[in-house]
*Asks:* 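Here it is, the structure, as structure tokens.
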Number of protein chains: 2
Amino acid sequence: MKLSTKGRYAVTAMMDLALHDNEGPVTLSDISSCQGISLSYLEQLFSLLRQSGLVQGVRGPGGGYRLGKPPGQISVADIILAVDESLDSTNCKGHLDCNKGERCLTHHLWNDLSEQLLTFLSAITLSEFIKNPEVKKISVRLDGTAHRISTMFPVTENYNS
Amino acid sequence: MKLSTKGRYAVTAMMDLALHDNEGPVTLSDISSCQGISLSYLEQLFSLLRQSGLVQGVRGPGGGYRLGKPPGQISVADIILAVDESLDSTNCKGHLDCNKGERCLTHHLWNDLSEQLLTFLSAITLSEFIKNPEVKKISVRLDGTAHRISTMFPVTENYNS
DNA sequence: ATATACCCTAGTAAAATACTAGGTTTATTG
DNA sequence: CAATAAACCTAGTATTTTACTAGGGTATAT
């Protein structure tokens, strides 16, 4: 379990996808300009996300990415594990017999903690974020119609229907 | 909130200190050889831990480091925050007005998550680890006397009293 | 057809991680 | 009191990871 900016990029991008899940695919260039991440880097991250089945690519004009599963089935842990290749758990890498046949003590303790963290982040899914009342407030315009929410800025000039 | 090997090193080292808290200070060269981390790198990490009041250095022969507070008052979050300088929460760094005066949406969502994680790791203290039954089992020798537990290997030739 | 967007690869710049090598202080012990 | 063990400090460097750049290709809606 590792957590870096790379993981954060992936999580926030997935939040973005989840928010627009019912409005057709989201393009990476949108996310790129909204979040200030290079397009090509995003493509690399989404390649990993796609390989893990977390997103589906839709090619051609009007294409983009959409979630690969219902948002309730995509946890923060899933996303982080997909892009941040897991940190090997101690220095006693392959051979877990660092302690004369048994696993060493802090190795054991750290694994406990790591597992607790994983369980915690596995319980938080994307649907939690969509249900956020703050989000609902922003996602509904004053006239009552839904509009496309950008990640960094509300793209008021660029919503559909 | 960031989580890397650096943070893991600090946490496992602190676990080591907590386990030997009542047996006098633990030297960094012990931890270095036990966990396979360079001595000087450990010194740098412990410099940060000391600045945060998490450890106390004891100089001179027989010296080393001991906990700066009771183990129940040192959380995993404290340790990680001390060594992994916190990851700025989004690309809208200093200016939190990325969304025309307000904070942007995923910025908000990510902060929520980050805070949840912090709360979670703040609830886990070093005393949790010491209470671990597995640890107790290893820390008591067959003859009933306590012995010094190494992190990576039981240093059977090197316990006191 | 053409434009749009995914999809892929290789190389590189920048940053963080981890180490090396030298020191100085402080306190214990012979 | 001299030798030693340890913290404590600084500067430099190797390594790894992160993030980007540049160039392609492929599918598909219009």
Side-chain angles (χ1 to χ4, degrees), chain A residues 2-13 17 20 24-33 35-52 54-68 80 82-88 90-91 93 158 160, chain B residues 2-13 17 20 24-33 35-52 54-68 80 82-88 90-91 93 158 160:
Chain A
K2 192 171 153 187
L3 189 55
S4 60
T5 39
K6 192 176 173 183
R8 198 195 65 213
Y9 284 157
V11 171
T12 52
L17 252 62
H20 305 124
V26 176
T27 68
L28 292 189
S29 54
D30 267 9
I31 298 177
S32 170
S33 56
Q35 303 207 16
I37 312 166
S38 94
L39 178 61
S40 200
Y41 190 46
L42 271 175
E43 285 178 334
Q44 285 165 43
L45 295 182
F46 271 77
S47 171
L48 295 167
L49 293 171
R50 193 170 49 84
Q51 281 166 45
S52 302
L54 299 179
V55 298
Q56 273 185 326
V58 180
R59 299 172 92 149
Y65 282 96
R66 54 169 40 129
L67 297 181
I80 290 172
V83 296
D84 277 333
E85 61 286 356
S86 70
L87 178 76
D88 53 331
T90 61
N91 278 339
K93 314 199 177 192
N158 174 23
N160 27 19
Chain B
K2 192 169 150 188
L3 188 55
S4 61
T5 40
K6 193 176 174 183
R8 199 194 64 211
Y9 284 158
V11 171
T12 53
L17 251 62
H20 305 123
V26 176
T27 68
L28 292 189
S29 53
D30 268 9
I31 297 177
S32 169
S33 56
Q35 303 206 20
I37 311 165
S38 95
L39 178 59
S40 201
Y41 191 44
L42 271 175
E43 285 177 336
Q44 287 166 42
L45 295 182
F46 271 77
S47 172
L48 295 167
L49 293 171
R50 193 170 50 85
Q51 281 167 46
S52 302
L54 300 179
V55 298
Q56 273 186 325
V58 180
R59 298 172 91 149
Y65 283 95
R66 54 169 41 128
L67 296 182
I80 290 172
V83 297
D84 277 333
E85 60 285 358
S86 70
L87 180 73
D88 54 330
T90 60
N91 278 339
K93 313 198 177 192
N158 174 23
N160 28 17

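If you're wondering where the values come from, they're calculated on a predicted model, not measured in any experiment. In what follows, chains are A, B, ... by sequence order, proteins preceding strands, each numbered from 1.
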*Asks:* How close or far is atom C1' of dC9(D) from atom CG of Leu42(B), stated in whole angstroms?
*Replies:*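 It works out to 15 Å between those atoms.
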
*Asks:* Just to confirm, is there a sub-4.0 Å distance from OP1 or OP2 of dA5(D) to any side-chain nitrogen or oxygen of Thr27(B)?
*Replies:*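 Negative; the distance criterion is not met.
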
*Asks:* When the nearest nucleotide of DNA chain D is assigned to Leu39(A) and to Arg59(A) on a heavy-atom basis, which residue is associated with the more 5' position?
*Replies:*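 That would be Leu39(A).
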
*Asks:* Pick the nucleotide of DNA chain C nearest each of Ser38(B) and Glu43(B); which residue has the one closer to the 5' end?
*Replies:*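 First, find each residue's nearest nucleotide; the 5'-ward one identifies Ser38(B).
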
*Asks:* Rounded to the nearest Å, what distance is computed from the CD atom of residue Gln44(A) to the P atom of nucleotide dT21(D)?
*Replies:*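 My rounded result for the distance is 12 Å.
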
*Asks:* Is a side-chain N or O of Ser32(B) found less than 3.5 angstrom from the main chain of Ser38(B), in a donor-acceptor match?
*Replies:*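 Side chain of Ser32(B) to backbone of Ser38(B), a donor-acceptor pair under 3.5 Å: no, none is there.
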
*Asks:* What's the verdict on side-chain contact (heavy atoms from CB on, under 4.5 Å) for Ile31(B) and Phe46(B), showing C-alpha distance, side-chain angles and the deciding distance?
*Replies:* CA-CA 11 Å; Ile31(B) 297 177; Phe46(B) 271 77; 4.1 Å; yes

*Asks:* Are any of Ser4(B)'s side-chain N or O atoms less than 4.0 Å away from OP1 or OP2 of dA16(C)?
*Replies:*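 Checking Ser4(B) against dA16(C): no side-chain N or O falls below 4.0 Å of OP1 or OP2.
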
*Asks:* What contact category does Leu28(A) fall into here, base, sugar-phosphate, or nothing, at under 4.0 angstrom with non-hydrogen atoms?
*Replies:*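 Sugar-phosphate, backbone atoms only, no base.
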
*Asks:* Within this structure, what is the OG1-NE2 distance for the pair Thr27(A) and His20(A), rounded to the nearest 0.5 Å?
*Replies:*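 Between atom OG1 of Thr27(A) and atom NE2 of His20(A) there are 10.5 Å.
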
*Asks:* Let me know the distance between CG of Leu45(A) and P of dC6(C), rounded to the nearest Å.
*Replies:*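 Rounded to whole Å, this separation is 13 Å.
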
*Asks:* Can you check whether Lys6(B) has a side-chain N or O nearer than 4.0 Å to OP1 or OP2 of dC19(C)?
*Replies:*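 Checking Lys6(B) against dC19(C): no side-chain N or O falls below 4.0 Å of OP1 or OP2.
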
*Asks:* Figure out the CD1/P separation between Ile37(B) and dT20(C), and round it to whole Å.
*Replies:*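 So the CD1-P distance, Ile37(B) to dT20(C), works out to 13 Å.
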
*Asks:* Please lay out, stage by stage, how Gln51(B) and Ser47(B) fare under the test side chain to side chain donor-acceptor pair (under 3.5 Å).
*Replies:* CA-CA 6 Å; Gln51(B) 281 167 46; Ser47(B) 172; 3.2 Å; yes

*Asks:* Just the rounded figure in Å: distance from C1' of dC8(C) to CG of Leu48(A).
*Replies:*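 Result: 13 Å.
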
*Asks:* Between the base of dA22(D) and the side chain of Ser40(A), is there a donor-acceptor distance below 3.5 Å?
*Replies:*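 Check passes, donor-acceptor contact within cut-off.
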
*Asks:* Using the closest heavy atom to pick a nucleotide of DNA chain C for each, name whichever of Pro61(B) or Gly7(B) lands nearer the 5' end.
*Replies:*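 On the 5' side of the pair lies Gly7(B).
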
*Asks:* Output yes when at least one side-chain N/O atom of Lys2(B) is less than 4.0 Å from OP1 or OP2 of dA15(C), else no.
*Replies:*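 Looking at the OP1 and OP2 atoms of dA15(C), neither is under 4.0 Å from any side-chain N or O of Lys2(B).
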
*Asks:* Base, sugar-phosphate, or nothing: which does Tyr65(A) touch, judged by heavy atoms less than 4.0 Å apart?
*Replies:*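 If one applies the 4.0 Å heavy-atom cut-off, Tyr65(A) turns out to touch the sugar-phosphate alone, with no base involved.
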
*Asks:* CG of Leu49(A) versus P of dC8(C): gap in Å, rounded?
*Replies:*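 It is 13 Å, rounded to the nearest whole Å.
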
*Asks:* Please figure out whether Gly62(A) or Ser47(B) has its closest DNA chain D nucleotide nearer the 5' end.
*Replies:*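 The residue closer to the strand's 5' end, by nearest nucleotide, is Ser47(B).
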
*Asks:* Expressed as a whole number of angstroms, how long is the span from Tyr41(A):OH to dA14(C):P?
*Replies:*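 Between P of dA14(C) and OH of Tyr41(A): 16 Å.
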
*Asks:* First locate atom CG of Leu17(A), then atom CD of Gln56(A), and finally report the distance between them rounded to the nearest 0.5 Å.
*Replies:*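 Reported value, rounded in 0.5 Å steps: 11.0 Å.
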
*Asks:* When the distance from CD of Gln56(A) to C1' of dC7(C) is rounded to whole Å, what number comes out?
*Replies:*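 Answer to the nearest Å: 15 Å.
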
*Asks:* Is the phosphate of dC7(C), meaning OP1 or OP2, less than 4.0 Å from a side-chain N or O of Arg50(A)?
*Replies:*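 It does, given that an N or O in the side chain of Arg50(A) lies less than 4.0 Å from OP1 or OP2 of dC7(C).
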
